[in-house]
Number of protein chains: 2
Amino acid sequence: MRAATDFEMDLSQTPARLLDAAESLFAEHGVDGASMRQIAHKAGANLAACHYHFGSKEGLVRAVFQRRLSELNAARLAALSAYEAQAHPQTPKPHQILDAFFGTSLRFARQDSGGAVFMRLLSRSATDPVFFIRNFVAQESEGVIFRFKNALFNSLPEVPQDEIVWRFHFMLGAMSYALAGIDVLKVLAHIDVTPSELEGADEVLQVRLMAFLLGGLRAPLPEAELPVLAKRTRTVAAAKGKSAPRNSTNKRKADLAAAK
Amino acid sequence: MRAATDFEMDLSQTPARLLDAAESLFAEHGVDGASMRQIAHKAGANLAACHYHFGSKEGLVRAVFQRRLSELNAARLAALSAYEAQAHPQTPKPHQILDAFFGTSLRFARQDSGGAVFMRLLSRSATDPVFFIRNFVAQESEGVIFRFKNALFNSLPEVPQDEIVWRFHFMLGAMSYALAGIDVLKVLAHIDVTPSELEGADEVLQVRLMAFLLGGLRAPLPEAELPVLAKRTRTVAAAKGKSAPRNSTNKRKADLAAAK
DNA sequence: GTATGATTAAAACGACTGTTTGAATCGTTT
DNA sequence: AAACGATTCAAACAGTCGTTTTAATCATAC
């Protein structure tokens with residue numbers, strides 16, 4: 001059996017095979033739903049090898065995420081830096097910033113080596129019931145999010161920063177759902193979408209999602225419709241323009257529309 | 001102990017207490033992460049009572065979802081019917097259709113009796129690793145989604161139906177993420193958002209999310225940017241307008257902008 | 001009162017979980 | 001060849017899971 005593994009295992013190193021198996025099973029059944037025994041079996045390794053190489057299941061989870069997340073975040077930052085250098089001394093356009101973040105993510109999901117599987121896992125992790133997972137991926141991407149957040153701030157100086165933060169959040173949700181939620185789409189499209197058809201994000205999804213995100217980011221500001229008696233102003237952080245007539249095209253609206 | 005329960009348990013019936021406890025624990029730890037023993041303990045009931053009243057854990061899950069999902073979907077349909085009657089013989093505006101679906105959902109999340117808890121559970125269920133859960137909630141809302149989908153079709157006759165389906169999907173993702181993903185927002189906002197502050201969706205979130213969704217729905221169509229060599233045309237379902245010069249404001253764009 | 005059906009209680013079932021152990025094996029160095 | 005650390009192996013650990021079982025208790029009707 002040992003001699004046979006030499007040719008049928010492309011990556012003969014046990015840790016790499018364990019990472020691949022864990023990534024696949026985590027994406028399919030969830031981190032909690034995939035057992036160490038299943039992972040070891042799929043990797044063709046012994047159960048104890050998991051703990052020998054990664055210490056614990058949590059250590060394995062960390063390794064699975066870090067392996068690809070570091071690469072993805074580096075690609076995101078590189079794309080943003082390229083746009084910034086290209087636009088210097090001005091600031092990149094919003095649609096360029098979105099492409100650097102979300103476009104890079106969707107292209108990452110289309111790369112050969114299991115990028116689609118990992119992106120589905122990553123998308124699910126944001127709403128994972130286990131706190132450790134949510135917290136880990138959030139902190140792992142903290143620096144990247146900070147840079148993109150500021151890039152959007154500079155690119156949309158007229159838009160309140162709170163609004164940008166919220167819309168960044170909404171955009172993350174739209175992308176995550178598109179990459180992770182497939183059964184809902186089956187009902188929506190009323191067809192049987194085979195997983196292989198949506199495995200990862202093809203060009204069609206990418207183009208459509210990017211258009212949607214940009215439209216949402218550039219939507220007219222809703223401040224005029226905020227209820228007059230806000231329960232608390234802390235999360236809103238001091239609305240600057242107090243109120244404006246609702247059905248008149250105010251200045252902010254024009255600013256946003258011209259921001260492309 | 002039995003006499004004490006009479007005044008401290010508002011709902012003295014065991015099944016209702018079990019449903020409340022299960023709903024809360026499912027939303028917090030996930031369906032798989034919450035055990036029947038935890039649920040029974042939180043409900044002040046015996047472990048066997050869960051199986052006596054609901055047969056199995058799957059039966060309990062079904063009951064938890066059905067209890068509120070039927071009410072939520074009825075409210076969605078009622079809101080849409082009201083808009084349709086108001087606009088008759090014309091069709092409701094897109095922002096009215098969005099309000100009937102997403103606005104009703106967000107208002108449902110703000111109602112007193114555990115609506116916020118259930119909406120977080122419902123939002124997570126769409127990307128749940130367990131197939132049964134994804135499939136169950138998808139089928140349970142199938143009729144509602146069908147009606148809203150057609151309402152959007154009629155309201156946006158110039159927009160390809162495939163595009164509407166995809167954007168409906170994206171909008172669902174943005175809302176689900178906003179209701180379920182809190183740790184990402186903590187990093188985004190770079191503040192410590194206490195759960196109680198975001199418990200459910202307050203008016204601010206609702207107004208901001210609705211503006212974002214409407215902006216995404218009304219975004220310019222990206223068809224002109226589709227790659228010339230699409231790998232498969234099946235998911236796109238026969239692009240009608242073949243191609244158009246990229247940086248020219250085409251007719252569809254104008255249609256969408258005037259669709260509000 | 002007793003009998004009857006619905007509900008609750010405590011305990012146990014087998015199967016699975018993550019983790020650990022100690023011996024057996026591997027590849028490499030001396 | 002001998003010895004060594006690195007790695008793998010089968011087996012068992014204590015614990016939890018969903019579920020079932022059997023007996024006890026409840027409310028209610030005769």
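Each chain gets a letter, A, B and so on, in the order its sequence line appears, and its residues count up from 1. These numbers come from the heavy atoms of this one structure, side chains and all, not from hydrogens, waters or symmetry mates.
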Nearest listed nucleotide, side chain of Lys57(B), among dA10(C), dG18(D), dA10(D):
dG18(D)
Could I get a table of every N or O pair under 3.5 Å where one atom is in the protein and the other is in nucleotides 12-15 of chain C?
unit_1	atom_1	unit_2	atom_2	d
dA12(C)	N6	Arg37(B)	NH2	3.4

What integer distance in Å separates Glu58(B):CD from dC17(D):P?
19 Å
Please work out which of the three classes, parallel, tilted or perpendicular, describes the rings of Phe212(A) and Phe170(B), given edges at 30° and 60°.
tilted
Testing the basics here: between Arg17(A) and Gly44(A), what is the closest heavy-atom pair and its distance to 0.1 Å?
NH2-O, 3.6 Å
Applying side-chain contact (heavy atoms from CB on, under 4.5 Å) to Phe148(B) and Leu152(B), what does each step give before you reach the verdict?
CA-CA 6 Å; Phe148(B) 275 87; Leu152(B) 285 175; 5.7 Å; no
Under 4.0 Å: is that the gap between some side-chain N or O of Thr14(B) and OP1 or OP2 of dT8(C)?
yes
With DNA chain D as reference, determine whether Pro15(A) or Gly33(B) sits nearer its 5' end, using the nearest nucleotide of each.
Pro15(A)
Please state how far atom NE2 in His29(B) lies from atom C1' in dT16(D), giving the value in whole angstrom units.
15 Å
Rounding to an integer number of Å, can you tell me how far Gln13(A) CD sits from dG27(C) C1'?
14 Å
Which whole-number value in Å describes the distance from Tyr52(B) OH to dT22(D) P?
17 Å
Is Asn46(A) near enough to dA10(D) that one of its side-chain N or O atoms lies under 4.0 angstrom from OP1 or OP2?
yes
Taking NE2 from His41(A) and C1' from dC9(D), how many angstroms apart are they, rounded to a whole number?
16 Å
Plane angle bin for Phe168(A) and Phe101(A) - parallel if under 30°, tilted between 30 and 60°, otherwise perpendicular:
perpendicular
Is the number of heavy atoms from other residues, nucleotides or ligands under 6.0 Å of Phe132(B) CZ greater than 12?
yes
Leu60(B) atom CG is separated from dT19(D) atom P, nearest whole Å, by 10 Å
What's Ala40(A) touching, base or sugar-phosphate or nothing? Going by heavy atoms closer than 4.0 Å.
nothing
Rounded to whole angstrom units, what separation is found between the CG atom of Leu18(B) and the P atom of dA9(C)?
11 Å
Atom-to-atom span, CZ of Phe54(B) to P of dT7(C) - whole angstrom
12 Å
Tell me whether the side-chain N/O atoms of Ser56(B) come closer than 4.0 Å to OP1 or OP2 in dG18(D).
no
Using a strict 4.0 Å threshold on nitrogen-to-oxygen distance, state whether Asp32(B) and Lys57(B) make a salt bridge.
no
Would you tell me if any nitrogen or oxygen in the side chain of Ser35(A) comes within less than 4.0 Å of OP1 or OP2 on dT17(C)?
yes
Between the side chains of Arg107(A) and Asp99(A), is the shortest nitrogen-to-carboxylate-oxygen separation below 4.0 Å, so that they form an ion pair?
yes
Taking the side chain of His51(A) as heavy atoms from C-beta outward, which of dT8(D), dA9(C), dT20(C) is closest to it?
dT20(C)
OP1 or OP2 of dT8(D) versus the side-chain N and O atoms of His53(A): is any pair under 4.0 Å?
yes
